[in-house]
Each structure stands twice: as structure tokens, then as C-alpha cells.
Amino acid sequence: MKPAPFTRYVPKTLDEALKILAEVAPHDGRVLAGGQSLVPIMAFRMARPAHLVDINEVAGLDALKVENGKLVIGARVRHAAFHKSVEKGALGALLATVVKHIAHYPIRMRGTFCGSLAHADPASEWCLTAATLDAELVAKSARGARVIPAREFFEGIMATALKDDELLAEARLPLLPAGTKFGFNEFSRRAGDFAMASSLAVYTLKDGKIAEARIGIGGAEPSPRRIPEAEAVVNGQAPSEAVFQAAAEAAADAIDPLEDHQTNAEYRRDLVRAVVSRALEGSL
Amino acid sequence: MTAKFIGRSVPRLEDRPLLTGRGRFAADISFPGQWHMRIARSPVAHGKIRNVDVSKAKAVPGVYAVWTFADVAELPPIGFRLTGLVELEPYRQFVLARERVRYVGEPIAAIFASDPYIAEDAADLIELDAEHLPVTLSASEDPGFFEDNRSTEATVIRKGYGDVDAAFKAANSVLSLDLSIGRHSGVPLETRGVIARYDDKSDILEMYGAAKVPHWNRDTLARMLGRKTGGVQLFEGHVGGGFGIRGELYPEDVLACYAALKFRKAVKWIEDRREHLIAANHSRQQRHQIRAAIDVEGRILGIEDTFFHDNGAYMRTHAATVPDLAAAMLPGPYRVPAYRVTGHIRLTNKTPCGTYRAPGRYESTFVRERLMDAIAAKIGVAPLEIRRRNLIARQAMPYDLKLDTLGTRIIYDSGDYAKLVETAERKFGARDEIMQRRKKGEHVGIGSALFVEKSGLGPSDLVRISLDAAGEIEVVTGSASVGQGIETVVAQICADTLGVDYARVRVIHGQTDRIEQGGGAYASRVTVMTGEAARRAAEDLRNKALTAAAALMQTTADKLQIAEGTISAKSGAGPTMTLAALAKTYPLTGEGFFEYKHMVYPYGVHIAQVRVDARTGGVTVEKFSVAYDIGRAVNPMLIEGQIAGGVAQGVGGALFEDFVYDANGEPLSVTFADYLMPTAREVPEIGILITEDAPSPLNALGLKGAGEGGVNAAGAAIAAAIDDAIGIPGAVTELPVSPKRVKALILDGTIADRD
Ligand SMILES: Cc1cc2nc3c(=O)[nH]c(=O)nc-3n(C[C@H](O)[C@H](O)[C@H](O)COP(=O)(O)OP(=O)(O)OC[C@H]3O[C@@H](n4cnc5c(N)ncnc54)[C@H](O)[C@@H]3O)c2cc1C
């Protein structure tokens, strides 16, 4: 469990980082952020990057601010930054709720929000959050910058739309309107483990009826995503146990479940049913 | 002897270096110019070796040497330490694979390099060319072939007594259960490690990183390497957990020692976690098909059990120990008038197995207690009531089980099982809260399980003690410390025997150059065997001191006493003299030898309370309680620590830990993300009650062991609690119980999917 040889670069500016990344990307070069996913897989030699562009000292990537109705999260912002609400509205509260489910305290002190998105584990809580809230992901490279919508960003298990020479410089989450309700639930074998299924539900109430529902599911399919079938069930309905159950059924039917030695398709659907109804119940 | 320290939870003497960051574990030991060893392991579960190509590895700068089997062909396979049936010998493991590879992880080459990174780079370049052979992955399916004309069924053990056939004929009813225990093991925080060094000056091969059984390992290494016993010395440092698996003699230990001799270099090997999970002993995996004949009231008339023990790819040092113990200890605390057990010891293409805390008992207690629950359900009485009806009575002690294990006859030395069951039920068994919560729709349940433990395995222990002119006492034992607190316990016993402060007693263990023999630390033996030998040694020293002092003080020894290190007349009159002053003119030493061929048998009750999430199948252990009769508690705090640690491991085996393999024999549980150890969040509040109702009549202090009572019945109790929570008696037939399995049980069963 000693990693294979590699060269590490510690750029101080974004331009410098992008330049090095452009040079090393064709030769097994990669970004190193919090290292909480990359370092373990290097120790197992499942990843053998020859070059690491360590972004931990790059100036400006630590931004965490509200700009134009969006929360901007720079590439160096750690999970732990969200332990307390980072803004006064529902989004800050939502992030503070979700973050508690990510790994364990020491890992949250080091792992980054953007690193989670770039790593794209199907069960990542931040990936689910980004997908559910339709985040915008800002990719930068020596070639320029582009904004990728979350639904185009996640391309499968640990696969994203990022090119090898692109750095995920920041993620932007839309602030949530006043009165937004949300609920989150996940199931894992042990506290802090990657979820076997998770759900984030967000909606507003108009005249006592659910509107603009977003129901996302993580850990059950190769990438987290919103489930329109479940959203359609709740939109226009007053919140009730029956409505929530119906949405949970719709979500369980809609997914194409991942299977592994711990789960088969049927059980994964059971879990989705449970986490969706609980996320919705938790929103009340 | 006044009990000033025995019976008190005095602080551990071991703690200071550990808590101040001065622990010295295997990885902390280094010698100048040392070489680092890395083991290349088979990626193939079963294959005939055509070639192991080491050319690329040898070419890596910094690599000094690479060995394959041909380089170590003179070394015999590693032998058996316990229960070494001759018919098992063909199944022993060579230190590097010979002709075939039989599990993923089997050592195929050893690399020696200037640093561990380079050694690992080189190991990656070693290519195994093997003809793939069919894999055997289940011990209960038809056996395959270990080699041409040799079956994977290594042997069949049979035990029993009484007329089983007659019992089944006379039965009012017969129950049959098919039960399985998963593959898991002890996972000490400190992985294995060895630093071997040859000392030219003294012509001694030194091995650091020893644990558990240094003397046995010393003798075996000397034999394997063709050296005189005194030409090999083992040194134990701090040890980060043992649990049965750490400290056995493994291929890597032999390889490092052999290399130190061959190359005349210090050779260091530190196991990494991935290796640990595929290379160090696994344990537990068994499937039992048990039948019981019972009468109208649920009294057992006879038991017949056939089981399949999956020992992995080879027979290692423990040989038949685990299945033998499972077979012999299965009857537990109950009267079983007739018993017959057949244990098929089989090899599979998985990591070889050995003992793990409560070996054979975690397994057979699960089986027996599932059976008791089934009988209770059949008769329609409470689980504890059916157990009461079958318990061996206090008056029947000592109770001859008419079965042998580990070369000893099992005779329960003492016990009042019914009393402990009653106390445990009163203290931990309340159901009111559960009933309330069930009304609110929660699925909560309680399960209990009983067990008899074994401890104090002989045959003997030797202890020497000396007191110096500063009044400091040194106790040299041949025992070992795996972190359990032996220094403290032995010091407490010596201190009370001698009449000194326990903090002045320094206990040496695990150093083969300090004492010629030692049993080591396993089978909950240390407090009993080393403890009694130490008491005898201290008594010897005390007698000598009093005799010497009597001459100086012009009185007789029987009129003198020792308290707080000072000798004085019992009458209180006359002169006094300190032991330290006496030691200035008179050599104060003592020796104690304790030999006993019978074990001592503590016993206990486990009670688990669980909550089942009906929607996901998730199980939360809310409370876990243990009542345990220890005979005599030398240090209650240490016993509680042993029990709490055991419970955590028991919870792991019941719900989380599982070495899973795919259909090709590829191990899937090779990291802590896949091999799920319970964390602080999964381990419940633990209630512990230690009783001293049944001191052992077999040693002076009445001692019994504490090492394995926390884990023994945990799987059984949790299984029963899950049954109770979901309202389906007998639902759990397999450990570990995964949420997927619980969910399936719920869907197949009757309970409503709500919470
Ligand atoms: C025991 C344990 C439990 C865990 N449990 C959870 C959990 O429950 N939920 C969860 O979500 N995560 C969990 N994690 C993972 C953790 O959250 C990681 O921090 C996260 O997945 C990756 O972030 P990082 O900053 O550490 O990225 P790194 O490990 O540094 O990198 C991960 C990958 O992303 C790439 N990368 C990182 N940042 C960027 C960037 N800005 N632009 C382009 N590429 C980039 C790297 O090149 C690498 O391929 C766990 C980790 C551990 C060790």
C-alpha cells in the first residue's frame, strides 16, 4: 500500500496550475485536491498517476461566497466549511444537513466539495446535491473556461464531462427561495459509509400545495439525478404520507438499479422507496 | 495473604508509555542498513505454477534479491502448534508457493530491497504464469482436489457419547436446523510485522515483532532453520491487538528470518492492511446441520450435529483446533444425555484459517442457542425458560462432559448457571420499554444466549521473581502481552502474595532470552496459568525472605509478616526490616511452576436489544449486556475491557464483517471500505455484570479467564433479538445478517412494512 512513483507540483496561481495541468494531463497527470479519494486509491495502486497537480496552495480557489443569486464554491473549499450554514437561507441549512452524512470528521476537514464532484462516486452526497439543485460547474483549462450544467456533468460511475486538462474551478448552487422545504435521507451499513441509496427532496409550497419539486436520488444508479416521475407525483399535491409514498413508489419504479454483492435490484428499489419517503417526510 | 490489590480496578501499569506516545510496536523497530521485504502474492485462486518470472523485478534499481520457491526449497512447511492430527500434515503451507497456488494472496515470491516503496514497485513486476484450475469455494459442497489424488476434505472429526439413536427414537419431537456462520477474523489495529537480524558476535538470530507465543515460535523457527534453540531469540514489543490471529508463525516470519541468516542483513517486513485482510488467518466459517430430540417439555434427549468447516487453502499452525473446539464445546451449559458430532474439515481456495477469539465457540454457541430458541418456539415457552429446563445444575459440578479437546478432558470445574441466568434476566432482561415501543410501531426485540467458556489452557507456566536492593521486584514470565493487561494482573497477584505495592513489580514477558519456556497468551490462559505460577514464585520468595529475616531477627518465620515491603513480627513488637535491606545481603529470588492438564470453565449470558428498520432491513444494536462469572476477578476494570472489546467484535461478526469472494475466488473484502468493522457509532452501550459465584477449585485463587466471554454468544444473542424484533422465530439462520437479508426475511414473513 505504498503508491507508485509520481511527481507532485505545487502551483500558487490558477494560471500556473492550468499550465502544468495542460502539460502533464496527456502523461497521466491529475489534480490533487483533498486527497481523500485519490490518496487511498493510489495506496492500493488502483490509480497510478505519474504527475499530481496539487491545488491546495492555489490562490483564489478558496472562495465561498454568494454572487448573483448563487453560492459559489471554490475548488479548495472543504466539506467541513458547511458544518455551519454558509448562508442564512434554506440552501445554507440544506448543505449543513447533508454534510453530516459525508464520511467522518477528519475526512471532512480535508476533502473538498469540488473534489467530490470531480471524483463522481455514484453515492456522493455532494453529487446528489449538485444534481438535485441543477448546479453549474465551472471548468477551467489553459484553453479557456466553460460552464457545465450538472445534468451534463455526471456521465457515469466516476466519470464526468471534465476533460483531462480541465480543473473544476468552482461549483455554483442556486440560492433557494424563502420558505423552501427540504429533506435528506440516506441508508448505509455504517455511519459515515457511502450510501447504498440516498435522496434529497426540495420544494416550495404554494397555497398549501407542493410546487417546483426536486427529488434527487443518489447511490442507486451510476450517477445521481432528479427523478421527474416522482416530482410529477408530488407537484400540485398537499404534503401527506400518501403522496410521499406514491412519490417513493414512482422513484423506485423509475430507476435502473445498480447491483453489487451487497444489493440486488429488488433490494435497491426497496432502499430507494425508503429514502425518498423519508426525505419527503423529513421536509415537514 | 491480604487482598490489597487483587479484586481492585487499579490502573494499568502498561498505560504510561502507550498514552504518552512512547509505544514501541513492530514498525517502530529499525536497524541500520536493514533490507525491506515485500511479498508478491498470487492473483490466481487456484492454479498449477508454470513459471514465476522475476527478471523484471530483479532489474529494478534498489532491489537486492528476489526469491521464489526454489530459493527456499530446503525449508519444510510450517508445522502445527495445536491439535495437529497427522492426517492434516499433507495440507501444511510452504513459505512460498510450491507447484500450485491455492488462494489469492498466497506468497509466490519475496523481494528484498533498499526501501519498501521500491520493494512494492518490484513486486508489481513479478509475473505468475499458471494453468488455472477449478476453484472450490464452499466447504459444504462436494470436495475438490487439493492435489492429484488428495481430496480437499482433509479429515473428519467425530466425537460423542451416549445412545443418540435411542434418544431420537424416544423423542416426542425432533427439530432440524441448517445454520451458517460467515468468514471473519480478528483485525488488530497493528498489522503483523517482523524484523529479523543475525548477530555475528553471539551467533544468534534475533526476531522482533513477536507476539502471542514467542517460545513456541522460537523452537519452531530453530527447527525449520536448522539452528540450536538458543541460537534463535524472539523479542516482543508493544503489540496492537492479538485476538488469536496475531503472533502465530506465518510464512512471512520464516522468510524474513531465513533471509537475515542468508544475507547477514537485518530484514524488515511490515504487513499492509490489504495484505492483512488476505494473508493473515481468517476464521469462523462453518455450516452446521443440527438435529435435536426433545421430550414433551422441551428437554433435550439427544443432539446430532454434522458440520462443514471451511479452513481455506491450507492447514496452518492451529490445525484442527477450531473445528475441534466447535465440536467439543457445542453442548454448552445444558444437559445433553446423548451427543454425536461429525465435523468435516475441508479446504477451499480462500485465505487459510486459524483461531479467532472464542474459536469454535462463537460458531457452536450460535448453533446451540439458535436450537434452544427453536425448541422454545416449538414448545411455546419463553426462551429463557426452555434454557432453565435444560441447564446443568450446580449440584452436578464438577461435570464431566465426556468429551476431549486440546488434549484435555472437558470437566466443567464449577458453576451455578441458573443463578447467573436469573441475575442477568433481572438486571438486563426487562421488556416493558420494548412492549411500549412496539405499540408505537417500532420493531424492537430482545435476544439472550448462554455459554460456557473455556480458559486457562495448560500444560504449564514457569515464573521467576527477584527483588533487588532498591526494593524493586522483577517478575520474568514466558507469557505474552497482546494488550490485555498481563503486567498489571501479574503484579497485583505478586504484590498481594509478597506484601508490597503492585507498582513496584515489573513484569517481563515475550523475551525468549530471559526464560527458557513459556506458554504465551492465548485461550484466556494468562491470568490462570501465569497468574498462579507467579503467585507460587512470589510465595517462594516470601518464604525465603521470612526464613532469612527470622535468622537475623532471632525469631521464627511463622511469627513474621510482610506488609508494604517491610518485615515485622505479627505481634507488632520488636525490630522491623525492609525487604530491600534484606536483599542487600541475601539474594531474594523465587520460582513458581504451575502445571495443570485441565482447563477452567467460566460462563455467561449475553442479552442483546435491537431495533430493525422494516423499510431498509437495517439493524441497530441498541444495548448489549453481558453477565459473566469469572470465579475471581483480579482486576474488574480489565475484565470489563475484555468483555466490551469482545462485544464489539461479536457485533461485527453478527452484522458487518464478512470476507466475501466472487465466483473465481477473487477476494472482495480487501479494504476497510469493504470489510466492515463496527465503529464507535455501531457499538452499543454495553452493560456488564461480573460475578464471582463459582471460583475455580483448580487453582489457589479460584481464577478463570476473561478473554473470550465478551464475544462468545454475541452472534447468537443478536440473531435471537432480530427474530424477536421482526416477530419471526427462527428467521435468522446465517451470520452476518445483512440488511438485504433482513429485508428479505421481512418480505417473506408477516410483519407490516411500516415504521
Ligand atoms: C473512509 C472514507 C469515507 C468516505 N465517505 C464518503 C461519503 O460518505 N460520501 C462522500 O461523498 N465521500 C466520502 N468520502 C470521499 C471524500 O468525500 C473525498 O473527499 C471526496 O470524494 C473527494 O474529494 P477530495 O478533495 O478529497 O479529492 P481528491 O481525493 O484529491 O481527488 C479525487 C479525484 O478528483 C479529482 N479532482 C479533485 N479535485 C478536482 C478539481 N477541482 N478539478 C478536477 N479534478 C479534481 C482528482 O484528480 C481525483 O481523480 C470518503 C472518503 C473516505 C476516505
Side-chain angles (χ1 to χ4, degrees), chain A residues 1-6 36-37 40-46 48 100-101 103-107 121 123 185-199 219 241 244-245 248-249 252 257 259-279 281, chain B residues 36 38 60 113 115-121 123-125 191 270-277 613-620 651-652 655-658 660-663 666 668-674 676-683 736 738-744 746-747 753-755:
Chain A
M1 287 178 61
K2 310 271 186 242
F6 59 88
Q36 298 304 295
S37 293
I41 58 179
M42 284 171 64
F44 285 112
R45 297 191 174 213
M46 292 182 322
R48 296 162 181 253
K100 288 189 218 121
H101 298 269
H104 306 276
Y105 192 84
I107 294 160
D121 188 292
N185 190 261
E186 72 172 42
F187 180 74
S188 59
R189 301 243 349 227
R190 297 174 304 179
D193 280 351
F194 277 107
M196 292 162 73
S198 58
S199 178
E241 200 173 314
F244 294 165
Q245 290 293 341
E249 282 308 328
E259 296 188 73
D260 55 36
H261 76 267
Q262 287 196 39
T263 42
N264 52 22
E266 186 197 347
Y267 180 53
R268 193 80 78 178
R269 287 188 209 278
D270 289 337
L271 294 179
V272 165
R273 213 172 279 124
V275 295
V276 170
S277 55
R278 284 178 179 163
E281 285 158 17
Chain B
H36 293 267
R38 175 81 189 170
V60 174
D115 82 50
Y117 289 80
I118 290 173
E120 194 165 335
D121 293 346
D124 277 357
L125 299 173
T191 56
I270 300 296
E271 181 181 55
D272 68 38
R273 188 59 72 186
R274 182 175 186 280
E275 285 186 293
H276 181 87
L277 294 173
D613 174 352
R615 289 196 202 169
T616 60
V619 176
T620 307
V651 169
L655 297 177
F656 300 106
E657 296 176 47
D658 201 3
V660 181
Y661 287 80
D662 75 6
E666 179 76 32
L668 301 179
S669 316
V670 298
T671 76
F672 277 157
D674 314 300
L676 308 181
M677 308 275 298
T679 73
R681 303 271 294 272
E682 284 71 48
V683 176
S738 70
K740 175 174 135 201
R741 179 88 193 114
V742 175
K743 183 68 189 175
I746 291 170
L747 293 173
D753 184 0
R754 66 189 165 80
D755 56 356

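All values below were derived from every heavy atom in this structure, side-chain atoms included, with hydrogens, water molecules and symmetry-related copies excluded. Reminder, nothing fancy here: chain letters follow the sequence lines and each chain counts from 1.
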Quick one: what part of B/Glu120 sits under 4.5 Å from any heavy atom of chain A, side chain, backbone, both or neither? both
Which one wins on heavy-atom pair count under 4.5 Å against chain A: B/Thr620, B/Asp662, B/Val660? B/Val660
If I measure from the heavy atoms of chain A, does B/Val619 come under 4.5 Å with its side chain, its backbone, both, or neither? neither
Between B/Arg274 and B/Asp674, does at least one N-O distance fall below 4.0 Å, as a salt bridge requires? no
Could you pull out all residues at least two apart from A/Phe6 that satisfy ring pair (Phe, Tyr, Trp, His ring centres under 6.0 Å)? none
Which region of B/Leu655, side chain (C-beta onward) or backbone (N, CA, C, O), has a non-hydrogen atom less than 4.5 Å from a non-hydrogen atom of chain A, or is it both or neither? backbone
Output yes when a side-chain donor or acceptor of B/Arg615 lies under 3.5 Å from a complementary backbone atom of A/Arg273, and no otherwise. no
Answer with side chain, backbone, both or neither: which region of A/Asp270 has an atom nearer than 4.5 Å to a non-hydrogen atom of chain B? both
Of all of B/Thr671, B/Val670, B/Leu668, B/Leu676, which one pairs up most often with chain A through heavy atoms under 4.5 Å apart? B/Leu676
Looking at side-chain heavy atoms only, is the closest gap between A/Pro40 and A/Met1 below 4.5 Å? no
B/Arg681 portion near chain A, given a 4.5 angstrom heavy-atom threshold: side chain
Go through the atoms of B/Phe672 and report whether side chain, backbone, both or neither lie under 4.5 Å from a heavy atom of chain A. backbone
Can you tell me which portion of B/Arg741 sits under 4.5 Å from chain A's heavy atoms? Options are side chain, backbone, both or neither. neither
So what's closer than 4.5 Å to chain B heavy atoms on A/Phe44: side chain, backbone, both or neither? side chain
Pairing residues for B/Asp658 by the salt bridge (charged side-chain N to carboxylate O under 4.0 Å, His left out) criterion, not counting sequence neighbours: none
With only heavy atoms counted, which part of A/Glu241 is less than 4.5 Å from chain B, the side chain, the backbone, both or neither? neither
Contact summary for A/Arg268 and A/Met196, nearest pair of heavy atoms: NH1-O, 2.7 Å
Close side-chain approach of B/Thr191 to B/Glu275, heavy-atom, < 4.5 Å: no
How far apart are the C-alpha atoms of B/Met677 and A/Arg190, what are their side-chain angles, what is the distance that settles it, and do they pass the side chain to side chain contact (heavy atoms under 4.5 Å, CB included) test? CA-CA 9 Å; B/Met677 308 275 298; A/Arg190 297 174 304 179; 4.3 Å; yes
